[in-house]
S.K.: 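Here's a structure for you.
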Amino acid sequence: MPTFAPSQTNQLPLSPTTLADFLDDYLQVSAFDDYCPNGLQVDAGVPITRIVTGVTACEALIDAAIAEDAQAILVHHGYFWKGEPAPLTGMKGTRVRKLMQHGISLLAYHLPLDAHRVVGNNVQLARALGLTLVEPLYPTQKHPIGDIASPPVAITPAEFTANLANVLARQPLHIASGRATLQRIGICTGGAQDMLEQAAKMGCDAYISGEISERTTHQARELGLDYFACGHHATERGGIQALGEYLRDMLGLAVTFVDIPNPA
């Protein structure tokens, strides 16, 4: 992928493909085998000076972009997931039609945004919680999706629960193990509850993810880990905000983050 010099990236407006090339390069998209296409998913063909960022490309976010007079939307969860029907009909057809009718391109970055060492979801959540990343959850991965983090000093589960609630503005679901303190904490945002067993193998005291499944409670209890389910949406707001701020600083784009409430 191309490497962009400042002289190539500070002239607005940008074409959708130029913006996508810049992001593909920064997020190292080619290194990932993902469940969806990363990068430019809908090309409206309109030069870009203003973008709206958000977690998921729902219709409410499209409406917000229309209200902001944006020419592009940048999200973590876009469209065209593996296994979903291909026809642009129903809800998906409505979304894509609205994008095209209003000249709004859609760019989406999934695993590359989770794993990024500067603006990634895990990095941003750990930083917000006052944790320091110490090693990957899967040590052999070249671009680790999960991480292990530590607080400056050992923290009680009650203190950590309060910290999570304060940072994410929602009460996490906590499956307690009975440990007095937590020092080594596995972390992977979104739907990563099935990495819990790997966290135990890596000697973690606790594990954070976004979602929880029925089986997760039993696994946490039997593995002896404190488990914190904090919400898929809530744990993945940080990465897309940080990426938008990076684009604003590097390219001079006008960037507005829109948080569409989602309890899941």
S.K.: Hydrophobic cluster membership, with links at side-chain heavy-atom distances under 4.5 Å among I/L/V/M/F/W/Y: are L133 and F160 in one?
M.R.: yes

S.K.: Is D147 paired with R127 through a side-chain N to carboxylate O contact shorter than 4.0 Å?
M.R.: no

S.K.: Which residue in the set R215, E222, E214 passes side-chain hydrogen bond (donor to acceptor under 3.5 Å, both in side chains) when paired with H218?
M.R.: E214

S.K.: Is it true that a side-chain atom of Q241 and a backbone atom of R237 form a donor plus acceptor pair closer than 3.5 Å?
M.R.: yes

S.K.: Taking side-chain contact (heavy atoms from CB on, under 4.5 Å) as the definition, give me every residue that meets it alongside A67, ordered by chain and number, with sequence neighbours left out.
M.R.: none

S.K.: Apply side-chain contact (heavy atoms from CB on, under 4.5 Å) to A64 and list each qualifying residue two or more places apart in sequence or on a separate chain.
M.R.: V258

S.K.: Would you compute the distance between atom OG1 of T217 and atom CD1 of I175 and round it to the nearest 0.5 angstrom?
M.R.: 4.0 Å

S.K.: Is there side-chain contact between Y138 and P144, with heavy atoms separated by less than 4.5 Å?
M.R.: no

S.K.: Taking side chain to side chain donor-acceptor pair (under 3.5 Å) as the definition, give me every residue that meets it alongside E211, ordered by chain and number, with sequence neighbours left out.
M.R.: H232

S.K.: What is the distance from atom OG of S213 to atom CG of D194, rounded to the nearest 0.5 Å?
M.R.: 5.5 Å

S.K.: Under the rule for ring pair (Phe, Tyr, Trp, His ring centres under 6.0 Å), what residues qualify as partners of Y109, not counting sequence neighbours?
M.R.: none

S.K.: Sequence neighbours excluded, which residues qualify as side-chain contact (heavy atoms from CB on, under 4.5 Å) partners of Q71?
M.R.: V46, I48, T49, R50

S.K.: Looking just at side-chain N and O atoms, do H174 and D226 make a donor-acceptor pair shorter than 3.5 Å?
M.R.: yes

S.K.: Within the 4.5 Å heavy-atom criterion, are D43 and L106 side-chain neighbours or not?
M.R.: no

S.K.: Could you tabulate the donor-acceptor pairs under 3.5 Å formed by side-chain atoms of residues 243-252, not counting sequence neighbours?
M.R.:
none

S.K.: Can you confirm whether or not the ring centre of Y207 sits under 6.0 Å from the ring centre of F228?
M.R.: no

S.K.: Taking all non-hydrogen atoms of both residues, which atom of I145 and which atom of A115 are closest, and how far apart?
M.R.: CD1-CB, 3.8 Å

S.K.: Using the ring pair (Phe, Tyr, Trp, His ring centres under 6.0 Å) criterion, which residues pair with H233? Sequence neighbours excluded.
M.R.: none

S.K.: Please list every donor-acceptor pair under 3.5 Å in which a side-chain atom of residues 94-101 meets a protein atom from a residue at least two apart or in another chain.
M.R.:
{"from": "T94", "atom 1": "OG1", "to": "G90", "atom 2": "O", "distance (Å)": "3.1"}
{"from": "K98", "atom 1": "NZ", "to": "E59", "atom 2": "OE2", "distance (Å)": "2.8"}
{"from": "K98", "atom 1": "NZ", "to": "D63", "atom 2": "OD1", "distance (Å)": "2.9"}

S.K.: Would you name the heavy atoms of A149 and L131 that are closest together and state the gap between them?
M.R.: CB-CB, 3.8 Å

S.K.: When clusters are formed by joining ILVMFWY residues with side-chain heavy atoms under 4.5 Å apart, either directly or through shared neighbours, do L12 and V52 land in the same one?
M.R.: no

S.K.: Check whether the side chains of Y227 and S209 place a donor and an acceptor atom closer than 3.5 Å, and report yes or no.
M.R.: yes

S.K.: Rounded to the nearest 0.5 Å, what's the gap from NZ on K142 to CZ on F32? Could you check?
M.R.: 10.0 Å

S.K.: Taking G120's backbone N and O only, do any of them form a donor-acceptor pair with Q124's side chain (distance below 3.5 Å, no angle check)?
M.R.: no

S.K.: Kindly indicate whether the side chain of C36, heavy atoms from C-beta on, has any atom under 4.5 Å from the side chain of H110.
M.R.: yes

S.K.: If I compare all heavy atoms of T235 with all of C230, which pair ends up nearest, and what's the gap?
M.R.: CG2-CB, 3.6 Å

S.K.: Could you pull out all donor-acceptor pairs under 3.5 Å where a side-chain atom in residues 178-190 meets a protein atom, sequence neighbours excluded?
M.R.:
{"from": "R179", "atom 1": "NE", "to": "D205", "atom 2": "O", "distance (Å)": "3.3"}
{"from": "R179", "atom 1": "NE", "to": "G224", "atom 2": "O", "distance (Å)": "3.1"}
{"from": "R179", "atom 1": "NH1", "to": "D205", "atom 2": "OD1", "distance (Å)": "3.1"}
{"from": "R179", "atom 1": "NH2", "to": "G224", "atom 2": "O", "distance (Å)": "3.1"}
{"from": "Q183", "atom 1": "OE1", "to": "A154", "atom 2": "N", "distance (Å)": "3.0"}
{"from": "Q183", "atom 1": "NE2", "to": "P151", "atom 2": "O", "distance (Å)": "3.3"}
{"from": "R184", "atom 1": "NE", "to": "M202", "atom 2": "O", "distance (Å)": "2.9"}
{"from": "R184", "atom 1": "NH1", "to": "E135", "atom 2": "OE2", "distance (Å)": "3.0"}
{"from": "R184", "atom 1": "NH2", "to": "E135", "atom 2": "OE2", "distance (Å)": "2.5"}
{"from": "R184", "atom 1": "NH2", "to": "M202", "atom 2": "O", "distance (Å)": "3.0"}
{"from": "T189", "atom 1": "OG1", "to": "E236", "atom 2": "OE2", "distance (Å)": "2.9"}

S.K.: Got a donor-acceptor contact below 3.5 angstrom from the S15 side chain to the T18 backbone?
M.R.: yes

S.K.: Please report the interatomic distance CG(D33) to CG(L111), rounded to the nearest 0.5 Å.
M.R.: 8.5 Å

S.K.: Using 30° and 60° as the class limits, which term best fits the ring planes of Y26 and F22: parallel, tilted or perpendicular?
M.R.: parallel

S.K.: Does a side chain donor of either N122 or H116 reach within less than 3.5 Å of an acceptor in the other side chain?
M.R.: no

S.K.: Would you say the side chain of S105 lies within less than 4.5 Å of the side chain of L40, judging by non-hydrogen atoms?
M.R.: yes

S.K.: Are the side chains of I260 and T56 in touch, meaning some heavy atoms are under 4.5 Å apart?
M.R.: no

S.K.: Tell me, do I51 and I73 make a side-chain contact under 4.5 Å, heavy atoms counted?
M.R.: no

S.K.: Identify the two heavy atoms, one from I208 and one from L129, that lie closest to each other, and give their separation to 0.1 Å.
M.R.: CD1-CD1, 4.0 Å

S.K.: Considering residues at least two apart in sequence or located in another chain, which fulfil the ring pair (Phe, Tyr, Trp, His ring centres under 6.0 Å) criterion with H102?
M.R.: none

S.K.: Applying side-chain contact (heavy atoms from CB on, under 4.5 Å) to V55 and N262, what does each step give before you reach the verdict?
M.R.: CA-CA 10 Å; V55 177; N262 188 337; over 6 Å; no

S.K.: Determine whether a donor-acceptor pair (N or O, by modelled atom type, separation under 3.5 Å) exists between the side chain of T216 and the backbone of I212.
M.R.: no

S.K.: Is there a side-chain contact between I240 and N121 in this structure, where contact means two heavy atoms from C-beta onward sitting under 4.5 Å apart?
M.R.: no

S.K.: Please confirm whether the backbone N or O of P263 pairs with a side-chain atom of R170, one donor and one acceptor, at under 3.5 Å?
M.R.: yes

S.K.: Compare every heavy atom of A199 with every heavy atom of L137, then report the nearest pair and how far apart it is.
M.R.: CD1-CA, 3.7 Å

S.K.: Take T161 and Q171 through the test side-chain contact (heavy atoms from CB on, under 4.5 Å) and record every step on the way to the result.
M.R.: CA-CA 8 Å; T161 300; Q171 190 67 27; 3.4 Å; yes

S.K.: For the residue pair D34 and V29, establish whether any side-chain heavy-atom pair is separated by less than 4.5 Å.
M.R.: no

S.K.: Is there a path from L23 to V118 through hydrophobic residues (I, L, V, M, F, W, Y) whose side chains come within less than 4.5 Å of each other?
M.R.: yes

S.K.: Test question: given the 4.5 Å side-chain rule for I, L, V, M, F, W and Y, name all other residues clustered with M91, or answer none.
M.R.: none

S.K.: Do you know the tightest heavy-atom contact between D24 and G39?
M.R.: OD1-CA, 3.7 Å

S.K.: Under the criterion side-chain contact (heavy atoms from CB on, under 4.5 Å), I'd like the reasoning laid out for T53 against V255: C-alpha separation, chi angles, the key distance, then a yes or no.
M.R.: CA-CA 7 Å; T53 63; V255 179; 3.8 Å; yes

S.K.: Could you list the residues that satisfy side-chain contact (heavy atoms from CB on, under 4.5 Å) with A108, not counting sequence neighbours?
M.R.: Q41, V75

